[in-house]
Amino acid sequence: MATLDVGTGPPFSKDRSNDSLEPPTTPPHSTAGSTHGAPIRDRKQSGGGRGDGFKDVLEDQLGEDDLVDVLSEVIDIAAKWKPLGLALRLKFADLNDIALNNKANPIECLKDILLAWLQQKYNFNRFGPPSWKVLCQAIYNPVGGNDPGLAGKIADSHSVTSHIPSATVPIAALKKSIKELEEIFLKV
């Protein structure tokens, strides 16, 4: 039986009412005021992650046509394909099938988990459709890619503001427009 190495990181709450991929601010076994085993700080507060929780990352739905773009962003963590697949909410049995079908080749396995995710072969009604935001959260997560740096880089590349075309207007045109507006308002 294969084992899954999910790396180290803060434990997750057993409470399933909040299926967030964010780690808790304190481990479930810690007690308030205890000097033994100080509480684990949330990655968002510790500088090891993003304080905004990826709020500005594009949530537009991704599909099969986006496979090459998504793969090119995450190829560096191909060795973590199985934990990433879990963080993307793919079923463990499907991940095992992908490993068998690809003879555990990390790049091929990564490609197949991303394709399965983009094809919504998971409970997308519960966890939402594939998006850059969901991918960033999965990569940031200790159970997934456990790579806050890569998650931040992808978030910056696919933020709402990075996709707004910049409008450059010559200063002379602005001055002319302001003068025209002043004339209109002064006539009233």
Side-chain angles (χ1 to χ4, degrees), residues 1-16 18-30 37-59 62 66-67 69-99 102 104-118 121-124 126-159:
M1 173 184 269
T3 60
L4 173 64
D5 178 17
V6 292
T8 60
F12 283 81
S13 170
K14 300 283 186 209
D15 179 11
R16 300 294 294 170
N18 178 8
D19 280 314
S20 170
L21 293 177
E22 294 298 321
T25 55
T26 60
H29 61 277
S30 72
I40 296 172
R41 288 177 42 185
D42 188 339
R43 292 171 95 178
K44 289 192 282 186
Q45 297 171 355
S46 67
R50 296 174 59 91
D52 62 7
F54 304 110
K55 69 178 183 178
D56 293 331
V57 181
L58 289 173
E59 294 186 62
L62 299 173
D66 298 302
L67 178 62
D69 297 329
V70 174
L71 184 59
S72 68
E73 294 279 10
V74 299
I75 196 77
D76 292 338
I77 59 169
K80 299 178 183 180
W81 69 268
K82 201 166 195 177
L84 181 60
L86 285 173
L88 291 171
R89 306 298 186 166
L90 298 176
K91 294 178 183 170
F92 196 74
D94 293 340
L95 296 175
N96 285 336
D97 289 343
I98 288 171
N102 293 301
N105 177 317
I107 293 175
E108 289 301 312
C109 290
L110 178 65
K111 177 185 66 74
D112 283 357
I113 65 133
L114 292 173
L115 184 59
W117 176 64
L118 292 168
K121 293 183 178 177
Y122 63 99
N123 189 348
F124 65 89
R126 181 173 178 195
F127 299 113
S131 68
W132 288 110
K133 182 175 186 171
V134 170
L135 182 64
C136 288
Q137 290 168 336
I139 292 169
Y140 174 87
N141 189 288
V143 171
N146 196 22
D147 193 334
L150 178 59
K153 178 181 165 226
I154 293 170
D156 291 343
S157 298
H158 299 281
S159 71

Open item on the list: For a side-chain contact (heavy atoms from CB on, under 4.5 Å) check, start with the C-alpha distance between Asp94 and Tyr122, then their side-chain angles and the critical distance, and finish with the verdict.
Closed with: CA-CA 10 Å; Asp94 293 340; Tyr122 63 99; over 6 Å; no
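No more than 12 heavy atoms of other residues, nucleotides or ligands lie within 6.0 Å of CD1 in Ile107, so this atom counts as exposed by the packing criterion.
The two residues Lys82 and Asn96 have their closest heavy-atom pair at NZ-OD1, 2.5 Å. Scanning both residues, Trp81 and Leu95, for their nearest heavy atoms gives CH2-O, 3.5 Å. Here the shortest heavy-atom pairing between Cys136 and Ala155 reads SG-N, 3.5 Å. Of all heavy-atom pairs spanning Leu86 and Leu90, the tightest one is CD2-O, 4.1 Å.
Leu110 contributes atom CG, which lies 10.0 Å from atom CD1 of Ile98 (distance to the nearest 0.5 angstrom). Atom CG of Leu118 and atom OG of Ser131 lie 10.5 Å apart (nearest 0.5 Å). A distance of 11.0 Å separates SG of Cys109 from CG of Leu114, quoted to the nearest 0.5 Å. Atom NZ of Lys111 sits about 6.5 Å away from atom CG of Asn102, to the nearest 0.5 Å. We find the CD1-CD1 distance between Ile139 and Ile154 to be 3.5 Å, quoted to the nearest 0.5 Å. Distance CG/Asp76 to NZ/Lys153: 6.5 Å, rounded to 0.5 Å.
Of the options Val143, Asn146, Asn141, Ile113, a side chain to side chain contact (heavy atoms under 4.5 Å, CB included) to Leu84 is made by Ile113 and by none of the others.
Between Tyr140 and Phe54, the angle of the ring planes goes over 60°, which puts this pair in the perpendicular group of the 30/60° scheme.
The stretch residues 134-145 participates, sequence neighbours left out, in no salt bridge (Lys or Arg N to Asp or Glu O under 4.0 Å) pair at all.
Side-chain atoms of Lys133 never come within 3.5 Å of backbone atoms of Val57 as a donor-acceptor pair (strictly under, hydrogens ignored).
Geometrically, Arg89 engages Phe127 in a cation-pi contact defined by less than 6.0 Å to the ring centre and at most 45° from the axis.
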